[in-house]
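Structure, as structure tokens:
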Amino acid sequence: MSDYVIPPYAPSSLAIKDESSRFPIRRVFCVGRNYWWDAGQDAQNTARELPFFFMKPPDAVVPAEGCIAYPPLTADFCHEIELVVAIGKDGADIAPEDALSHVWGYAAGLDLTRRELQAEAKKAGRPWEGAKAFDASAPCSALVPVAAIGHPEQGAIWLNVNDVERQRSNLSDFIWPVKDVISFISSSVKLRAGDLIFTGTPTGVAALEPGDVITAGIDGINQFTVTIGERKNVSLVDVA
Ligand code: MN
């Protein structure tokens, strides 16, 4: 045993549906735009841009249950429902046709976003961490093992706020399917067992208010309900 000067952290982890064991989280990758947000053939006829990814810290992942804190420094706190892929086997330069063999399971998660900070970062050419990597920014349902459900290629992905539908699409509508996302990320870094990938959100992202009740999920995988907590901290406007 190494002698640490402060207590080492236990890994963040996700519950597994109908099992007592947990899935340890190594890193969290998030894919940028991966559904067409602009309706119509014109958008779909334009060439697919290569995917891109950003990251969140592993301890941003929290169970998608109970109350989710309204974060500081925002007045434009937005939901993004996403398919979450849990990697169970290391691999670099993974070919798309081999990619699904690296998946341990799937979940439904939220890529919560401080939208005005993202807009400012885009405008200034700055990193997205301020907008994306805050505490509890990645609520996630229990994982469902591939052993139980295989590799879903379709299924509704949806999100309601206070029983009003905000987002609805289908896993079949990905611009870059899971196998391509895994192949792409693994060409940049070696994917490791324990990595999570948030795979992008369909159109309909919008702001949340304290007290809002989100019910969301992916048919055939999992669903969840969370409530947004009170605003406790000053907004960016107050800080400026
Ligand atoms: Mn997202």
Side-chain angles (χ1 to χ4, degrees), residues 12 14 25 27-38 43 48-62 64 68-71 73-74 76-87 106-123 126-141 143 155-161 165-178 180-182 184-185 188-189 191 195-208 212 214-218 221-224 226 228:
S12 297
L14 272 178
I25 302 170
R27 295 172 297 184
V28 181
F29 298 87
C30 300
V31 178
R33 181 163 294 192
N34 199 20
Y35 293 86
W36 300 109
W37 281 16
D38 305 312
R48 293 193 297 181
E49 290 179 12
L50 274 178
F52 65 95
F53 67 85
F54 57 93
M55 300 187 74
K56 300 196 185 214
D59 59 6
V61 179
V62 295
I68 300 297
Y70 193 107
L73 301 185
T74 187
D76 195 6
F77 177 42
C78 290
H79 55 75
E80 299 188 358
I81 179 69
E82 307 202 0
L83 172 70
V84 180
V85 177
I87 298 295
Y106 296 94
L110 292 173
D111 167 16
L112 294 173
T113 303
R114 298 193 275 210
R115 191 69 69 198
E116 73 274 69
L117 297 193
Q118 186 189 28
E120 288 170 13
K122 284 180 177 176
K123 197 172 158 192
R126 290 179 183 154
W128 285 13
E129 276 82 354
K132 292 287 196 178
F134 52 92
D135 294 342
S137 59
C140 195
S141 76
L143 272 175
I157 176 168
W158 53 274
L159 180 143
N160 297 347
V161 176
E165 188 173 287
R166 294 266 187 97
Q167 295 187 266
R168 176 169 288 273
S169 187
N170 196 291
L171 299 183
S172 59
D173 291 336
F174 275 131
I175 297 172
W176 296 98
V178 170
D180 292 322
V181 168
I182 290 171
F184 172 74
I185 296 176
S188 175
V189 295
L191 276 173
D195 289 340
L196 299 181
I197 305 172
F198 283 63
T199 54
T201 198
T203 189
V205 302
L208 295 159
D212 278 350
I214 300 175
T215 301
I218 302 168
I221 297 179
N222 215 340
Q223 67 177 67
F224 58 84
V226 295
I228 302 304

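Scope of the values below: all heavy atoms of this structure, side chains included, with no hydrogens, waters or symmetry mates. Indexing begins at 1, ligand by ligand and atom by atom, following the structure's order. Worth saying up front: this structure is predicted, and the values here are computed from it rather than measured.
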Quick check, are the ring centers of Phe198 and Phe29 under 6.0 angstrom apart?
-> no

Determine yes or no for a side-chain-to-main-chain donor-acceptor pair under 3.5 angstrom, with Ser12 supplying the side chain and Ile25 the backbone.
-> no

Aromatic rings Tyr35 and Phe174: how do their planes relate, parallel, tilted or perpendicular, breaks at 30° and 60°?
-> tilted

For the Mn ion (ligand 1), find the closest N/O/S atom on Asp111 and give its atom name.
-> OD2

Crowding at CG, Asp173 (>12 non-hydrogen neighbours, <6.0 Å) = yes

For the Mn ion (ligand 1), the nearest N/O/S atom on Glu82 is atom OE2

Closest to the Mn ion (ligand 1), which N/O/S atom of Glu80 is it?
-> OE1

